[in-house]
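Have a look at the structure below, then the notes.
Quick caveat: nothing in here was measured; it's all calculated off a predicted structure. Both counts, for ligands and for their atoms, begin at 1 and track the order of listing.
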Amino acid sequence: MEKRLLQKTTAWERCNHWILALSFIVLFLTGLGFLYQSLNWINTVFGGNHLAKEIHRWGGLVFAISLILTMGNYFAEAVSFTEEDKKWLSSLGGYFSRTEEPPPQGRLNAGQKLFYLVVVLIFGLAISLSGFMLWFFNTSRGLILFAHFLHNLSYIVFAFAVPLHIYLSTAANPGTLRVMTRGTVSAAWAKKHHGKWARDMGVD
Ligand code: HEM
């Protein structure tokens with residue numbers, strides 16, 4: 001059983017994940033350069049302020065399109081709230097206790113569903129829409145102020161959530177990164193992290 005590999009993501013899911021992640025990193029870094037005078041040097045790496053602004057705008061378009069496309073991969077699953085999700089949430093995923101263990105989970109656990117729906121989708125749409133407002137509809141002062149507020153608020157949410165997502169997908173849970181590189185996981189990993197999904201895939 002241990003040697004068996006299970007397919008967790010399709011090539012398309014992985015490709016879109018890396019478009020989203022790479023565009024996010026470019027936007028995050030150029031955004032940091034615009035936000036703080038002391039970090040403006042970051043944008044010299046992107047060819048100076050003028051080019052960095054163009055890269056930020058077009059990178060934002062790539063991010064927004066990729067974001068919409070994620071809906072085909074995760075939306076239906078993320079909005080279907082199950083009994084396992086309730087238990088995962090009430091035990092806080094077991095992260096803060098030595099004794100409490102959440103029950104076997106489906107392909108995505110409640111934490112992943114919330115990360116997708118709240119952070120990626122809601123704040124992703126907010127940061128994209130406010131970015132487009134600043135790019136194309138920057139005529140009234142009220143609108144500009146509102147768009148800046150929404151853009152910066154979403155930026156702060158991402159600045160906390162994405163490093164946590166990266167940590168949980170790599171160092172904290174060895175064997176997880178390959179979900180987004182090769183698309184396959186070991187049967188042992190599947191049993192440990194997504195037991196219900198592993199059972200559905202025929203692992204006993
Ligand atoms: C270089 C940084 C990143 C790494 C190493 C990484 C890694 C991963 C891995 C390994 C998974 C699969 C987790 C599993 O199935 O158990 C995943 C899923 C996902 N990632 Fe990333 N990711 C990165 C950046 C991002 C960014 C920037 C976003 C969004 C802005 C993002 C959005 C998602 C979403 C929506 C999922 C599916 C839901 C979930 O599993 O949480 N990722 N990522």
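The nearest heavy-atom contact from the protein to atom 12 (C) of ligand 1 is Val179 CG1, 3.6 Å. The nearest protein atom to atom 24 (C) of ligand 1, hydrogens excluded, is given as Ala21 CB, 3.6 Å; this is a heavy-atom distance. The protein heavy atom nearest to atom 11 (C) of ligand 1 is Met180 CG, 3.4 Å. When hydrogens are left out, the protein atom nearest atom 29 (C) of ligand 1 is Leu20 CD2, 3.5 Å; that is the closest non-hydrogen contact. Nearest protein neighbour of atom 10 (C) of ligand 1, counting heavy atoms only, is Thr176 O, 3.4 Å. The single protein non-hydrogen atom nearest to atom 1 (C) of ligand 1 is Trp18 CZ3, 3.8 Å, given as residue, atom name and distance. Considering only non-hydrogen protein atoms, atom 34 (C) of ligand 1 sits nearest to Phe115 CE2, 4.0 Å. Among all non-hydrogen protein atoms, the one lying nearest atom 16 (O) of ligand 1 is Gln112 NE2, 3.0 Å.
Nearest approach of Gln105 to Asp85, heavy atoms of both residues: OE1-OD1, 4.2 Å. Considering every non-hydrogen atom in both Arg4 and Gly202, the closest pair reads NH1-O, 3.5 Å. The two residues Arg182 and Gln7 come nearest to each other via the heavy atoms O-NE2, 4.1 Å.
Each of the following atoms of ligand 1 lies closer than 4.0 Å to a heavy atom of Ile166: 2 (C), 3 (C). Interface atoms of ligand 1 facing Phe24, defined by a heavy-atom separation under 4.0 Å, are 27 (C). For ligand 1, the atoms lying closer than 4.0 Å to a non-hydrogen atom of Tyr116 are 35 (C). Applying the 4.0 Å criterion to heavy atoms of Val162 picks out, from ligand 1, the atoms 27 (C).
For ligand 1, the polar-atom distance check finds an N/O of His165 within less than 3.5 Å of one of the ligand's N/O atoms.
Heavy-atom distances between Thr70 and ligand 1 stay at or above 4.0 Å for every pair.
Atom CZ of Phe81 sits in a crowded spot, with more than 12 heavy atoms from other residues, nucleotides or ligands closer than 6.0 Å. Shown here is Phe137, whose CZ atom has no more than 12 heavy atoms of other residues, nucleotides or ligands within 6.0 Å. More than 12 heavy atoms of other shown residues, nucleotides or ligands fall within 6.0 angstrom of atom CZ in Phe136. For Trp58, the CH2 atom is loosely surrounded, since the number of other residues' heavy atoms within 6.0 Å does not exceed 12. Within 6.0 Å of the CD atom in Glu101, the count of heavy atoms belonging to other residues, nucleotides or ligands does not exceed 12.
The existence of a salt bridge linking Glu84 and Lys87 is excluded, since no basic side-chain nitrogen approaches an acidic carboxylate oxygen closer than 4.0 Å.
Distances from atom 43 (N) of ligand 1 to the heavy atoms of His194, His17, Lys8 put His17 nearest.
Side-chain contact, Arg14 with Thr181: no donor N or O sits under 3.5 Å from an acceptor N or O.
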